[in-house]
Amino acid sequence: MAVKIIVGSTCDIEENIKKDLIVVPLHVTFGEEDFLDSVDITKDEFYERLERKEEFPKTSQPTPMAFIEAYKEVVDKGDEAVVIVLSSKLSGTYQSAKIASEGLEDKIFIVDSLNVSNAEGALVDYAMRLVREGKSAREIAELLEEAKKRLRLVVLVDTLEYLERGGRISKASALIGGLFSVKVLLSMEDGAIESVGKAKGIKNANNLFISEIEKHGSIDFSMPLKLGYTGRDSEKIEKYLRETKDLWEDKISSPEFIQIGSVVGTHTGPGALFLAYFSN
């Protein structure tokens, strides 16, 4: 009996890991056009449309039927699965996954990551490590429930425009941020997005980013660490890596970075920097 890992398409992770996952796509809608995330529209195609600013996209969760199909694929082969989804406080994806699992509780184990994007990816990376160690689906789900308590996500937003367009902040706040080059640092706190600081200019923003990490203890480099960026250009994150090398030097050779998908990119816009890690 094999253990499979099922995720939603909001899980941003390296392609060499993603190929071994079962991915249930969310929906991205531009006007009347509905796309299955990362199936009918690529990340680059999404950001190209987003940057045109013709229509603001909307996102929606998978249906329970989409999860039922994924579960059937697993159970029909005599396997079991751990399902890792984005925070139930941000989406109804967890609820869809839960409804679909009725009657399969001994085969399908669902974990609310209380997180999103490459933080989901960090949890999934750890889950795949546990699969390789031969743990059962139940054991993996229990270990993930403990590990997610140490999972941190911090996001440096390059522009407030998309947060305003998505109704996350007021138009006045977005205007002030644009006028004074204010960068906003966001984090996930108990499954919800919170603003944890603001800084004028990229240098101060980087300092704010580092201080937020230090505030919650050091990074556990024995666990997965994920860096990500929104948009089509990774230049900004490469620059960040050079400026914050003291965080990584002598710890890991070089952090990989991941292009963040369309569902999350809808709300942050291009140019956002994501760091997901486990604290000590």
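- Side-chain contact between Val23 and Cys11 is absent, with no heavy-atom pair separated by less than 4.5 Å.
- Distance NZ/Lys198 to CG/Asn204: 15.0 Å, rounded to 0.5 Å.
- The heavy-atom pair separating Ala272 from Val157 by the smallest distance is CB-CA, 4.3 Å.
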key: CA sep, side-chain torsions, deciding dist, call: Leu275, Leu225, side chain to side chain contact (heavy atoms under 4.5 Å, CB included)   = CA-CA 8 Å; Leu275 171 63; Leu225 178 147; 4.0 Å; yes

request  = Before giving the answer on side chain to side chain contact (heavy atoms under 4.5 Å, CB included), spell out for Met223 and Leu151 the whole-Å C-alpha distance, their side-chain angles and the decisive distance to 0.1 Å.
outcome  = CA-CA 10 Å; Met223 295 288 281; Leu151 183 58; over 6 Å; no

query = Could you go step by step and tell me if Tyr47 and Ile260 meet the side chain to side chain contact (heavy atoms under 4.5 Å, CB included) rule?
reply = CA-CA 10 Å; Tyr47 284 114; Ile260 302 300; 4.1 Å; yes

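- Inter-residue side-chain proximity for Leu26 and Thr93 is flagged as met; some heavy-atom pair is nearer than 4.5 Å.
- Both Phe221 and Leu227 are assigned to one and the same hydrophobic cluster, defined by single-linkage of ILVMFWY side chains at heavy-atom distances under 4.5 Å.
- Under the ring pair (Phe, Tyr, Trp, His ring centres under 6.0 Å) criterion, Phe46 pairs with Phe30, sequence neighbours left out.
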Could you list the donor-acceptor pairs under 3.5 angstrom formed between side-chain atoms of residues 94-103 and any protein atom two or more places apart in sequence or on another chain?
from   : atom 1 : to    : atom 2 : distance (Å)
Ser96  : OG     : Pro62 : O      : 2.8
Ser101 : OG     : Lys98 : O      : 2.7

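- Linking Ile, Leu, Val, Met, Phe, Trp and Tyr residues whenever their side-chain heavy atoms come within less than 4.5 Å leaves Leu123 and Tyr277 in two separate clusters.
- Nearest approach of Ser117 to Asp12, heavy atoms of both residues: OG-OD2, 2.7 Å.
- Looking at Arg150, its side chain does come within 3.5 Å of a backbone N or O of Ser279 through a donor-acceptor pair.
- The hydrophobic cluster containing Phe257 does not contain Ile17, counting ILVMFWY residues as joined when their side-chain heavy atoms lie under 4.5 angstrom apart, directly or transitively.
- In terms of hydrophobic clustering, with Ile, Leu, Val, Met, Phe, Trp and Tyr side chains grouped at heavy-atom distances under 4.5 Å, Val75 and Ile6 are assigned to a common cluster.
- Between Ala122 and Pro224 the shortest heavy-atom distance is O-CG, 3.6 Å.
- With hydrogens and angles disregarded, no donor-acceptor distance shorter than 3.5 Å links the side chain of Asp79 to the backbone of Val3.
- A distance of 4.5 Å separates CG in Asn115 from CE in Met188, rounded to the nearest 0.5 Å.
- Of the residues Ile22, Ile5, Val83, Leu104, the one that meets the side-chain contact (heavy atoms from CB on, under 4.5 Å) test with Val74 is Ile22.
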Stepwise salt bridge (charged side-chain N to carboxylate O under 4.0 Å, His left out) test for Glu51 and Arg232 = CA-CA 10 Å; Glu51 288 164 15; Arg232 294 179 288 165; 2.7 Å; yes

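- Rounded to the nearest 0.5 Å, atoms CG (Leu186) and OG1 (Thr268) are 8.5 Å apart.
- Nearest heavy atom pair, residue Ala81 against residue Ala137, reads O-CB, 4.1 Å.
- Contact annotation: the side chain of Thr59 approaches that of His267 to within less than 4.5 Å [non-hydrogen atoms, C-beta and beyond].
- The two residues Leu36 and Pro25 come nearest to each other via the heavy atoms CD2-CG, 4.0 Å.
- Environment of NZ in Lys215: crowded, with over 12 heavy atoms of neighbouring residues, nucleotides or ligands closer than 6.0 Å.
- The closest donor-acceptor contact from the side chain of Glu189 to the backbone of Glu194 lies at 3.5 Å or more, if one exists at all.
- Val264 places none of its side-chain heavy atoms less than 4.5 Å from the side chain of Thr230.
- Separation of atoms CD (Gln61) and CZ (Phe67) is listed at 9.0 Å; rounding is to 0.5 Å.
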Intermediate values then yes/no, side chain to side chain contact (heavy atoms under 4.5 Å, CB included), Leu144 and Phe109 = CA-CA 11 Å; Leu144 294 181; Phe109 300 87; over 6 Å; no

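- For the side-chain contact (heavy atoms from CB on, under 4.5 Å) with Asn118, the lone residue among Val155, Leu153, Thr10, Val124 that qualifies is Leu153.
- For NZ of Lys89, the number of neighbouring non-hydrogen atoms (other residues, nucleotides, ligands) closer than 6.0 Å is greater than 12.
- Here the NZ-CG distance, from Lys58 to Asp34, works out to 12.0 Å after rounding to the nearest 0.5 Å.
- The distance from atom OG of Ser113 to atom CD1 of Ile84, rounded to the nearest 0.5 Å, is 8.0 Å.
- For Ser187 against Val154, the heavy-atom pair with the smallest separation is CB-CG1, 4.1 Å.
- Sorted by first and then second residue, the side chain to side chain donor-acceptor pair (under 3.5 Å) pairs with a member in residues 125-145 read Asp125-Lys226, Glu133-Lys135, Ser136-Glu139, Glu145-Lys148; sequence neighbours excluded.
- Linking Ile, Leu, Val, Met, Phe, Trp and Tyr whenever their side-chain heavy atoms come within less than 4.5 Å leaves Ile193 and Val85 in two separate clusters.
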